[in-house]
Amino acid sequence: MRYTLNHAELFTANRQRLKTLLPPNALVLLLSNDVYPRSADGHYPFRQDPDLFYLTGIDQEDTYLLLYPDCPREDLREVLFLRRTSETIAIWEGPRLTQSEACARSGIKTIKWNDEFDSIVNIVMCYAEQVFLNLNEHDRLVNEVPYRSLRFARALQDRFPLHQYRRLAPLMHQLRSIKMPQELELIKKAIAITEKAFRRVLQFIRPGVMEYEIEAEITHEFLRNGASGHAYQPIIASGKNACILHYINNNQPCRDGELVLMDFGAEYANYVADLSRTVPVNGRFTPRQREVYDAVLRVMRQAKNLLRPGTNLHEYNTKLVGQIMEEELLKLGLLKTEEVKNQDPENPAYKKYFMHGTSHYLGLDVHDVGSRFATIQPGMVFTCEPGIYIPEEGFGIRLENNILVTEDEPVDLMAGIPIEAEEIEALMAARPS
Ligand code: GLY
Ligand code: MN
Ligand code: MN
């Protein structure tokens, strides 16, 4: 870990809020993510299960959480299980959390080694009626890999087929979608690091640099500022590559006269930022690039202002922003009035140039959990990321900021990151030669 948190109060409050959503005599069991094998004896870097992190603050593999507020045995109402440390593990991998460190970090009083987990599960299953288990439920998820929580859910149901099993995910989504003040501070920290990286690349980009060199500058700035790395695979897409929405090859030269679309965000203490900026490789927009850039910026300004209590993300993404984008595409001459008049409402004409949604939840995951049909509420954080992609003209433009919903005006958490075309040009004009 490259951060220090003193947030036991936050994690304790998170558990408390979850307990208020549980029915009587309910048991919750939550497991950390797998450490995924790569090849030979190598592994991919570990990333904690965000729900387990949210409830414990523990960023270590092989960690389990048991919550059972009505357990007749008082000592088993809230238990954290840790990987047992040893001299050998300390020598090869470095020290793991001690029980008192885990207690200080999470606010959980009862800490046990995880070789006791099975026997304690056996005990509490004899008392509990309903068992809440957590699966990765995300409506954009496509997954063929049986991960640890799924294997555990199957094994537990096999051992105890007569219990009533319930889904924890909807409760976690409800909780995680409203950010607590300490969580907002961590998102702001990830944003501050992301801003530094953007300012750095503005001084670096010029004709001839490779897309991966820009990525390297960003990675450098992230790591030197304490980020664990990228929140997702960064997109550094010059010229027509910007029209490939999930372009991550980042292996082409940036050419004079082209734009380069960059979509990247730092991860700090498991919280993430998600920024997109599109800038001219030579430091000056052409009149046409500028015309489209300003159109995207106008859509963003109007769209972010709609992120207010009352609507929901589905309506906002499919109807409200679509109308704004449609007007701009008509003004740019990319759509014709007739085309719009005769369009299929299920597949509106603007989709030809703007084919993705405008906003998603943001937090412990980049496409964070939360229902797109839930009413938007203060404390929610969303991206706002309109784009216009014109492959026939060889460029695509996306601008993306992170927005906090409040009772009043939405707060743009990235308001300080340069976005006006003039400001980008002025900063790039000051590049070292
Ligand atoms: N970077 C992924 C997204 O913008 O949704
Ligand atoms: Mn993004
Ligand atoms: Mn995004």
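Both counts, for ligands and for their atoms, begin at 1 and track the order of listing. Small disclaimer: the values here were computed from a predicted structure and weren't measured.
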**OP:** Examine all N, O or S atoms of Glu385, backbone included, and report whether one is under 2.8 Å from the Mn ion (ligand 2).
**Re:** no

Original post:
How does Thr383 reach ligand 1, by side chain, by backbone, by both or by neither, if only non-hydrogen atoms under 4.0 Å count?
Top reply: neither

**OP:** Report, in ascending order of atom number, the atoms of ligand 1 lying under 4.0 Å from any heavy atom of Tyr232.
**Re:** 1 (N)

**OP:** Check each of Arg148, Arg83, Arg47 against Glu61 using the salt bridge (charged side-chain N to carboxylate O under 4.0 Å, His left out) test, and report the only one that passes.
**Re:** Arg83

Original post:
Starting from atom 4 (O) of ligand 1, which protein heavy atom do you reach first, and at what distance in Å?
Top reply: Glu385 OE1, 3.0 Å

Subject >> Residues Arg290 and Asp294 bridged, charged N to O under 4.0 Å >> reply: yes

**OP:** Note the single closest protein heavy atom to atom 3 (C) of ligand 1, along with its residue, its atom name and the distance in Å.
**Re:** Asp274 OD2, 3.4 Å

Original post:
Which single N/O/S atom of Asp274 lies at minimum distance from the Mn ion (ligand 3)?
Top reply: OD2

Subject >> Minimum-distance protein heavy atom relative to atom 2 (C) of ligand 1 >> reply: His367 NE2, 3.8 Å

Original post:
Donor-acceptor pair, Ser32 side chain versus Asp62 backbone, under 3.5 Å?
Top reply: yes

Original post:
Under 3.5 Å between some N or O of ligand 1 and some N or O of Glu400?
Top reply: yes

Original post:
Does the pair Lys19/Glu78 count as a salt bridge with the N-to-O cut at 4.0 Å?
Top reply: yes

Original post:
When you draw lines from the Mn ion (ligand 3) to NE2 of His360 and to OE2 of Glu400, what angle lies between them, to the nearest 10°?
Top reply: 130°

Subject >> Short side-chain donor-acceptor distance under 3.5 Å, Tyr147 and Asp49 >> reply: no

Original post:
Hey, which N, O or S atom on Asp263 ends up closest to the Mn ion (ligand 2)?
Top reply: OD1

Subject >> Residues Lys196 and Asn225: side-chain donor-acceptor under 3.5 angstrom >> reply: yes

Original post:
Cut-off 3.5 Å, side chains only: do Arg398 and Tyr389 have a donor facing an acceptor?
Top reply: yes

